[in-house]
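Below you'll find the structure, written out as structure tokens, and then a few comments.
Everything numeric here is computed off the predicted structure, so don't read it as measured data.
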Amino acid sequence: MYKKLASDKENIALLLNEVKQVAMQHFQEIETVPASAKPRELKNYKLPKEGLGAEAVLAHFKTEYQQLMCGSSGPRYWGYVTGGATPASVMGDWLATTFDQNTQSIKGRGDVSGIMEKETIQLLLEFFNLPKTFYGGFVTGATMSNFTCLGVARQWVGKNQDYDVALTGLQKPIQVAAGMPHSSVVKGLSMLGIGSTNIHKIPLLEGREAINVEKLEAFLKQNPTGDVIVLSSAGTVNSVDFDDLEAISKLKEIYNFWWHIDAAFGGMVACVEDKKQLISGWKKADSITVDCHKWLNIPYDSAVFFVQEKHQKRQVETYQNSNAPYLGNPMENFTYLNFLPENSRRFRALPVWFSLMAYGKKGHQEIVTRNIDLAQQLANYIETSKDFQLVAPTRVNVVCFKVVGLSQEKQDLFLTTLNSRRKIFITPSVYNGEACFRAAFVNWQTTQKDIAIAIKELEATFQIIKEMKS
Ligand SMILES: Cc1ncc(COP(=O)(O)O)c(C=O)c1O
């Protein structure tokens, strides 16, 4: 064994203890860790011929990189839709790395991680109040979850047209209908050869980001049954609007189409009493995407897909390893290896299991309702401020706003200045053709105190820009 490797093995207790100190410091100081990182030039590192050993590398990391780590897991990083990592999920994640299982077999061949994944999926189904007619699995993120589901949908349409897409590739265009699909869904269509421009954009309801269900029905009437994939949004990124899932579920009783719901973060409203009606009807979907590294506050990278059991065969046809006798007969061997896009993968269920078991339904419910309240508090401030203006309704947990009376250039400058102060981090967006800033609340650590800090920061930045203006 290489000498440094052997000595690291000897010193594992000391090394892990040092790493623990770094992690503890990050957790304990997260309130003051800058919300965004200072960019720095790319360096040309030389690969060491003789390794430095883990202790020296950790020291190097601390001086070179640690201070550049931003508080993306902290309370005031509100860019994109960025969840944090609950303490229990971090514990589970450390152990997933330590045990380093290659999660593949549901029958427990080799290790138990596949069985535990299935058990964790059951917990999630219960959390989301979804029926046990769904099975599921873990992938890296909502993009891959959408991709996984749409791969099965593609196979289903092909079979309805009497051919096997997985075997022959696409023979005919697939009809896809959607109102306001997330970019990752569109990306999935492109990766699957369905084509990102082959979406029939169904008009939205007036003043909303939700599909017009009457227009969707008109489209379904014109297209042969069994040929169409309908994509629904359960939580758009700006105004967190939801398609009327109840109404679409009724269409399922009349027309035969594949129904996929992207509920990457919006699915979490399932646990909120006065919001859960937004996803009413979703249990009739053929497939559903939910991200774990967003509002469930599991560390990157983690998402789940749920697919109705009756489609299991189509899923295996799509994702099987068909020419590898050493992996067994895929049609008889329903393992993750044969129903996921990835073969080897990490034990993603463990951090989710830890968090669900540690905080239960109530704990995760509290995070979601608190985030919704906080978004509303910020929105209320903006609504009453003369300097800022809401650009989209704050339906759930995202606030879209702009500064009153500034040119686009100055709006951009406002955002750059705000983020460069590094107390809060928000990202730009466009709503109804209008440029805006958006703050997405999904972190378990965010409290009222952070809203007060944000208001101070917005006002201070406004003063800076105003002084520049005059
Ligand atoms: C509605 C929706 N779908 C899909 C995604 C893609 O998620 P991921 O980056 O985890 O792949 C996002 C990310 O923000 C999202 O908001």
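- Note that CD1 of I121 and CG of L130 are 11.0 Å apart. Values are rounded to the nearest 0.5 Å.
- Residue pairs meeting the salt bridge (Lys or Arg N to Asp or Glu O under 4.0 Å) criterion with at least one member in residues 229-246, sequence neighbours excluded, are R208-D241, D241-R395, E246-K250.
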Decide side chain to side chain contact (heavy atoms under 4.5 Å, CB included) for D93 and R346; before the verdict, give the C-alpha distance in whole Å, the side-chain angles of both, and the deciding distance to 0.1 Å.
CA-CA 10 Å; D93 204 62; R346 86 188 246 101; 2.9 Å; yes
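- Listed by chain and residue number, V139, F305, Q315, Y319, P341 satisfy the side chain to side chain contact (heavy atoms under 4.5 Å, CB included) test with T148 (two or more places apart in sequence, or in another chain).
- With hydrogens and angles left out, the side-chain atoms of H260 and S287 include a donor and acceptor closer than 3.5 Å.
- Two rings, from W295 and H364, have their centers 6.0 Å or more apart.
- Closest of all the heavy-atom pairs between A440 and Y80 is CB-O, 3.1 Å.
- A search for salt bridge (Lys or Arg N to Asp or Glu O under 4.0 Å) contacts involving E209 returns nothing, not counting sequence neighbours.
- Side-chain N/O atoms of T289 and S145 include a donor and acceptor closer than 3.5 Å.
- Looking at D262 and S233, their side chains never bring a donor and an acceptor atom within 3.5 Å of each other.
- In this view, E383 satisfies the salt bridge (Lys or Arg N to Asp or Glu O under 4.0 Å) rule with no residue, not counting sequence neighbours.
- A 4.5 Å side-chain heavy-atom check between I382 and N380 finds every atom pair outside the cut-off.
- Residues satisfying the ring pair (Phe, Tyr, Trp, His ring centres under 6.0 Å) criterion with F128, sequence neighbours excluded, are W282.
- The stretch residues 411-423 participates, sequence neighbours left out, in these salt bridge (Lys or Arg N to Asp or Glu O under 4.0 Å) pairs: R421-E457.
- Rounded to the nearest 0.5 angstrom, I451 CD1 and Q376 CD are separated by 11.0 Å.
- Across N297 and G84, no two heavy atoms sit closer than the pair OD1-N, 2.7 Å.
- Classification of the F437-F401 ring pair by plane angle, with boundaries at 30° and 60°, yields perpendicular.
- The pair E126-K361 does not meet the salt-bridge criterion, since no charged nitrogen lies less than 4.0 angstrom from a carboxylate oxygen.
- Across all non-hydrogen atoms, the minimal contact from I211 to G179 is CD1-N, 3.5 Å.
- A side-chain N or O of S355 and one of T86 form a donor-acceptor pair less than 3.5 Å apart.
- Between W444 and F27, the ring-plane angle classifies as tilted under the 30° and 60° cut-offs.
- When the ring pair (Phe, Tyr, Trp, His ring centres under 6.0 Å) test is applied to F425, the partners found at least two apart in sequence or on another chain are Y77.
- Counting heavy atoms from C-beta outward, L15 and V19 have side chains that stay 4.5 Å or more apart.
- Shown here are the side chain to side chain contact (heavy atoms under 4.5 Å, CB included) partners of T140, two or more places apart in sequence or in another chain: M144, D301, E342, R348.
- With sequence neighbours left out, F219 forms a ring pair (Phe, Tyr, Trp, His ring centres under 6.0 Å) with H200.
- For the 3.5 Å distance criterion, the side chains of E309 and T133 fail to qualify, holding no donor opposite an acceptor.
- Donor-acceptor pairing under 3.5 Å is lacking for the side chains of Y135 and Q308.
- Heavy-atom minimum distance, I261 versus W259: CD1-CZ2, 3.7 Å.
- In this structure V186 satisfies the side chain to side chain contact (heavy atoms under 4.5 Å, CB included) test together with P181, S196, I199, sequence neighbours excluded.
- Here Q66 contributes atom CD and H60 contributes atom NE2; the two are 13.5 Å apart, rounded to the nearest 0.5 Å.
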Could you please spell out the steps behind the side chain to side chain contact (heavy atoms under 4.5 Å, CB included) verdict for F242 and Q277?
CA-CA 10 Å; F242 288 67; Q277 82 283 357; over 6 Å; no
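- Residues M116 and F347 form a side-chain contact, since some pair of their non-hydrogen atoms from C-beta on lies under 4.5 Å apart.
- Here the shortest heavy-atom pairing between F354 and G92 reads CD1-CA, 3.5 Å.
- The closest side-chain donor-acceptor pair between Q365 and Y359, if any, does not fall under 3.5 angstrom.
- A salt bridge links D286 with K252: at least one charged nitrogen is closer than 4.0 Å to a carboxylate oxygen.
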Output, in order, the C-alpha distance, side-chain angles, deciding distance and verdict of side chain to side chain contact (heavy atoms under 4.5 Å, CB included) for I453 and K456. CA-CA 5 Å; I453 293 173; K456 252 192 183 162; 5.6 Å; no
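- Side chains of T120 and F138 form a contact here, defined as non-hydrogen atoms less than 4.5 Å apart.
- The salt bridge (Lys or Arg N to Asp or Glu O under 4.0 Å) analysis of residues 397-408, with sequence neighbours excluded, yields the pairs K402-E434.
- Sorted by first and then second residue, the salt bridge (Lys or Arg N to Asp or Glu O under 4.0 Å) pairs involving residues 71-86 (not counting sequence neighbours) are R76-D450.
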